[in-house]
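All values below come from the heavy atoms of this structure, side chains included, with hydrogens, waters and symmetry mates left out. Throughout, protein chains are lettered first and strands after them, A, B, ... in sequence-line order, and every chain is numbered starting at 1.
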2 protein chains.
Amino acid sequence: MMELTRKGEYAIRGIVYLAGRPLDKVCLLSDIATAVDVPPTFLAKIFQQFSKIGLVKSFRGTGGGFLLGRPAENITLLEVVEAVEGPIVPNRCVAAPAECERSGYCNVHPVWRQVQLEIKSVLEGVSLRELVENSK
Amino acid sequence: MMELTRKGEYAIRGIVYLAGRPLDKVCLLSDIATAVDVPPTFLAKIFQQFSKIGLVKSFRGTGGGFLLGRPAENITLLEVVEAVEGPIVPNRCVAAPAECERSGYCNVHPVWRQVQLEIKSVLEGVSLRELVENSK
DNA sequence: ACATAAAAGGATAAATAATGTCTTTTAGGG
DNA sequence: CCCTAAAAGACATTATTTATCCTTTTATGT
C-alpha cells in the first residue's frame with residue numbers, strides 16, 4: 001500500500017536528469033532513458049504525459065528531443081508525481097466522498113484527508129532544483 | 001498511487017466495529033462481516049492476521065468468535081493498517097536502501113523518508129477509541 | 001519533393017497484485 | 001461423538017502494472 005509505482009519512480013529519475021542538463025540543449029529521449037536506466041518506450045509514455053501539462057517541452061524531428069518546460073526551481077516533486085500517478089488520494093473516500101456515505105458519516109475520513117495533506121505538503125516543498133543540486 | 005486497498009479499508013471497518021461492541025461479548029465473524037458489509041471469507045483472512053499479532057483474540061468452536069486484543073485506546077490506526085498492508089513505504093528505496101544505490105546516493109530518498117514519517121505520525125495519532133466514539 | 005529523425009498515439013501482451021472463493025483442518029462445547 | 005466456528009491452504013478471477021510494438025504525425029536538412 002501507499003507505494004510509488006515504477007512509473008512514478010521512472011518519471012522522477014527522468015525529469016531530474018533532464019533538469020540537471022544544460023538548459024538550452026534538447027535531450028534525446030533515448031539518451032535520457034539510457035542515463036537513468038529505464039525502458040525507452042516506457043519513458044516515452046511518461047514524457048508524453050509531462051509534455052501535455054507543460055512540465056517539459058518537446059520537439060519532433062531532426063534535432064528534436066526534450067527541454068524542461070519551466071525553470072527547475074518552479075517544478076515541484078508533487079507535480080511530477082501527480083502528472084503520472086494521478087492525484088494523491090490515500091483512500092478512495094477522499095477522492096469521492098459520495099462513496100464514503102456507507103452508513104452516514106465516516107469518522108476515518110478526516111484522518112485520510114490529513115494524510116493526504118501531509119504527503120502533498122512534503123512533496124510540494126521539494127523542487128527539481130534541490131534534487132539536482134545535491135547530486136553534483 | 002498511495003491508495004489504501006480494499007483489504008485495508010475492510011480491516012479498519014471490521015476492527016472499528018468490533019471496538020464498538022461490548023467488551024465481554026465475543027463477536028461472530030459472520031456478524032461483523034454483515035454489519036460492515038464485507039465478504040465474510042475475505043474478512044476472515046483479515047482477522048486471522050489481526051489474531052496473529054494480538055490485535056484481536058479469537059475463540060474457536062461453539063460460542064467462539066472474536067474479542068479486541070487490547071483496550072481500544074491502545075490500538076492505533078497505524079497498527080491496523082500495517083497489520084494487513086505491511087509497513088508504510090512510499091517508495092521501495094525506503095524499505096530496501098540497497099536498491100537505492102543505483103548511482104551512488106539518491107537525493108530523493110530523504111523526501112520519501114519524510115513522507116513515510118508524516119503518514120505514520122498521523123495514523124499513529126488515532127486510536128480505535130476515537131474512531132468509535134465519534135460514531136455514537 | 002524526399003529522406004531521415006524523433007516524438008505522439010494506439011493496440012496489445014506479459015507479469016504481478018488485488019480480490020474473493022472453496023475445502024480441509026483444528027479446537028472447543030454440549 | 002457431534003456440532004459449531006475459526007485457522008489454514010489452495011485455488012480462481014479480475015484489475016493493475018509494466019512493459020513492447022507498430023503506425024502516424026511533425027520537423028529538419030538536402
d(A:Leu4 CG, B:Arg92 CZ) to nearest 0.5 Å is 8.5 Å
From the list A:Arg13, A:Arg6, A:Lys7, salt bridge (charged side-chain N to carboxylate O under 4.0 Å, His left out) partner of A:Glu9 resolves to A:Arg13
So CG of A:Leu68 and CG of A:Leu23: to nearest 0.5 Å the spacing works out to 7.5 Å
Query raised in the report: With sugar-phosphate meaning primed atoms plus P, OP1 and OP2, does B:Thr41 contact a base, only sugar-phosphate, or nothing at under 4.0 Å between heavy atoms?
Result: base
When rounded to whole Å, the NZ to C1' distance for the pair B:Lys45 and C:dT23 reads 10 Å
Atom CG of B:Asp37 and atom P of C:dG20 are separated, to the nearest Å, by 11 Å
What's the verdict on side-chain hydrogen bond (donor to acceptor under 3.5 Å, both in side chains) for A:Ser121 and A:Glu118, showing C-alpha distance, side-chain angles and the deciding distance?
-> CA-CA 5 Å; A:Ser121 166; A:Glu118 299 288 354; 5.3 Å; no
Heavy-atom nearest nucleotide on DNA chain C taken for A:Gly63 and for A:Lys52; more 5' hit belongs to A:Gly63
B:Leu43 atom CG is separated from C:dT19 atom P, nearest whole Å, by 14 Å
Taken to the nearest whole Å, CZ/B:Phe47 to C1'/C:dG20 is 17 Å
Sorted by position of nearest nucleotide on DNA chain C, 5' first, the leading residue of A:Phe59 and B:Tyr10 is A:Phe59
Can you list the steps and then say if B:Gln48 with B:Ser51 is a side-chain hydrogen bond (donor to acceptor under 3.5 Å, both in side chains)? CA-CA 5 Å; B:Gln48 279 170 32; B:Ser51 178; over 6 Å; no
* Asked: Per the atom types in the model, does the base of C:dT26 pair as donor or acceptor with the side chain of B:Arg60 at under 3.5 Å?
  -> yes
When the rotation axes relating C1' atoms of four end pairs to the next four are compared across the helix from C:dA1-D:dT30 to C:dG30-D:dC1, five pairs an end, they differ to 10° by 10°
Side-chain atoms of A:Pro39 come closest, of D:dT20, C:dT19, C:dA7, to D:dT20
Nearest-nucleotide check on DNA chain D, B:Thr62 vs B:Phe66; residue mapping nearer the 5' end is B:Thr62
To the nearest 0.5 Å, atom CD of A:Glu124 lies from atom CD of A:Glu82 at 8.5 Å
Check your understanding: Are A:Leu55 and A:Val26 in one and the same hydrophobic cluster, where Ile, Leu, Val, Met, Phe, Trp and Tyr link if side-chain heavy atoms are under 4.5 Å apart?
Key -> no
A:Glu85 atom CD is separated from D:dT18 atom C1', nearest whole Å, by 12 Å
Practice task
Just call it for A:Ser30: base, sugar-phosphate, or nothing, with non-hydrogen atoms closer than 4.0 Å on any strand.
Solution key: nothing
Rounded to whole Å, the CD-C1' distance (A:Gln49 to C:dA8) equals 13 Å
Exercise for review: Report yes if at least one side-chain N or O of B:Thr5 is closer than 4.0 Å to OP1 or OP2 of C:dA17; otherwise report no.
Suggested key: no
note: B:Gln48, atom CD; C:dT24, atom C1'; distance rounded to Å ~ 13 Å
When rounded to whole Å, the CZ to P distance for the pair B:Phe50 and D:dA7 reads 12 Å
